[in-house]
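Every chain is numbered from 1, with letters handed out A, B, ... down the list of sequences.
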Number of protein chains: 2
Amino acid sequence: MSPKQPRGEETARRLLAAALEVHEHKGPEGFTVQAVTSTSGISLGSLYHHFGSFDGLAAALYARCMADLLDALIASLERTRTARTGVRAVVVAYLRFAEEQPAKARFIHASSYAGFLPAHTAAIAAAKAPRIERLQSWARPHAETGHIVDLPDPLTEMLLIGPVAETARRWLAGDPTIDLKQASRVLPERIWQSLRGPQE
Amino acid sequence: MSPKQPRGEETARRLLAAALEVHEHKGPEGFTVQAVTSTSGISLGSLYHHFGSFDGLAAALYARCMADLLDALIASLERTRTARTGVRAVVVAYLRFAEEQPAKARFIHASSYAGFLPAHTAAIAAAKAPRIERLQSWARPHAETGHIVDLPDPLTEMLLIGPVAETARRWLAGDPTIDLKQASRVLPERIWQSLRGPQE
DNA sequence: CCAGTACTAGAATATTTCTCTAGAAACTTG
DNA sequence: CAAGTTTCTAGAGAAATATTCTAGTACTGG
């Protein structure tokens, strides 16, 4: 399952890259084993050798894309000190990720209800957990000092990510009324207004 | 395409109901023509007679679910007068719709990137347009008087719907950390904070 | 009651899907 | 260099897919 020779690592990488390209160009319906093997030039057997199943490859790709997104958020966030600048940084970073890496963002969003997630929940959670932890440990002190509202656990995240994810989702789906630049100008301050705590 | 005999209308209804049930119980992957004909007890020929293609049926179901959701929002919204109560009403109504009609909500969310949408954009937009118009015409006066912030067009909607849609999405996907009751208690006021305008 | 239209039925078709197997080639280690 | 493991190729196979087609049944308007 995990490559033990450099050569294998390389072909696994190629398969993931090809899979992302296929999903981007042909959509979720055209996302098939054969399409991935054709555009990667790598045989069916190799794919099954490395990932066990097609769902296994999809799950691995999902974990990688999600990790890239979270890393982008973390990188922006950990340059900040105050609650307000942190919130604004995350919002802008998410929108920028969608704009600069639309294929990855589209794959993440399109896979929310995909069939491969339930089977590989554990592996995906393992990739997400440490990154989520870093984000939460940034937020915790600000919630305790009252600079950010102290809400039940996932709700703060919903308020922060919700508007941005919805904006990105529609833009990625081709909605022509969405302007990402405009969104990164307007949304940060408004989202901050929904998160600011009693302690100014 | 549109039924001209009462008998036809009835089987079209049964097909849509069966389609929703199949999608709910077997997920997007198990959402197939054969599954729909089996569980509805209605023949392949009838399905194609009424909807032209399987994508046609999916698009019709999507339009109907979306209409139901928007109608629920409108019904709650138009009982209100002030900007604040209106915003809160929409938030609560969306969460209640997800809880009471999870199958419809799940179908809507799961279809965001589905292949059938692009082909039937026009028909779906026709079902949505008048309802969206009613929602916007509620918001317009409040934006003009400054009780709600006057932002570029889709952004107000993103701030209002974003956190709620994300919360519903995760709950529908089986996230056990989401508590809808808690969300309808906390989110309305916070979302209002992000939307309130300069004119108090 | 007759003609024409709406509707229903179900088999047949042509593609396309994922998965598996068996063995050859390449690399690593002792 | 030799043994053992990893990686890769190629192709076969079984199951499932959306759609088309032909034929038959119910309804409706005149």
Sequence neighbours excluded, every pair satisfying ring-ring contact (aromatic ring centres under 6.0 Å, His included) that has a member inside residues 56-106 of chain B: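 Matches after skipping sequence neighbours: none remain.
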
Residues in side-chain contact (heavy atoms from CB on, under 4.5 Å) contact with [X], at least two apart in sequence or another chain:
{"X": "A/Ser112", "answer": "A/Arg169"}
{"X": "B/Ala93", "answer": "B/Leu73, B/Ser76"}
{"X": "A/Ala17", "answer": "none"}

Residues from residues 24-48 of chain A lying under 4.0 Å of DNA chain C - heavy atoms: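 Going residue by residue through residues 24-48 of chain A, the ones with a heavy atom under 4.0 Å of DNA chain C turn out to be A/Thr32, A/Val33, A/Gln34, A/Leu44, A/Tyr48.
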
Sequence neighbours left out, what passes salt bridge (Lys or Arg N to Asp or Glu O under 4.0 Å) with [X]? Give chain and number order.
{"X": "B/Arg64", "result": "B/Asp68"}
{"X": "A/Arg14", "result": "A/Glu10"}
{"X": "A/Glu21", "result": "none"}

Separation of atom NE2 in B/His49 from atom P in C/dG10, rounded to whole Å: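 B/His49 atom NE2 is separated from C/dG10 atom P by 16 Å.
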
Sequence-distant partners of A/Trp138, ring pair (Phe, Tyr, Trp, His ring centres under 6.0 Å), two or more places apart: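 Testing A/Trp138 for ring pair (Phe, Tyr, Trp, His ring centres under 6.0 Å), a comparison that skips the adjacent residues, returns A/His142.
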
Contacts of type ring pair (Phe, Tyr, Trp, His ring centres under 6.0 Å), residue B/Phe54, not counting sequence neighbours: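 Partners of B/Phe54 by the ring pair (Phe, Tyr, Trp, His ring centres under 6.0 Å) criterion, ordered by chain and then number, come out as B/Phe31.
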
Terminal helix-axis angle for the helix from C/dC1-D/dG30 to C/dG30-D/dC1, with five pairs defining each axis and rounding to 10 degrees: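 Axis angle across the helix from C/dC1-D/dG30 to C/dG30-D/dC1, nearest 10°: 30°.
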
Sequence-aligned protein contact record of nucleotides 22-29 of chain D, with B where the base is within under 4.0 Å of a protein heavy atom and S where only the sugar-phosphate is: ----BSS-

Nearest-nucleotide pick for B/His50, side chain only, options being D/dT19, C/dC7, D/dC8: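 Side chain of B/His50 sits closest to C/dC7.
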
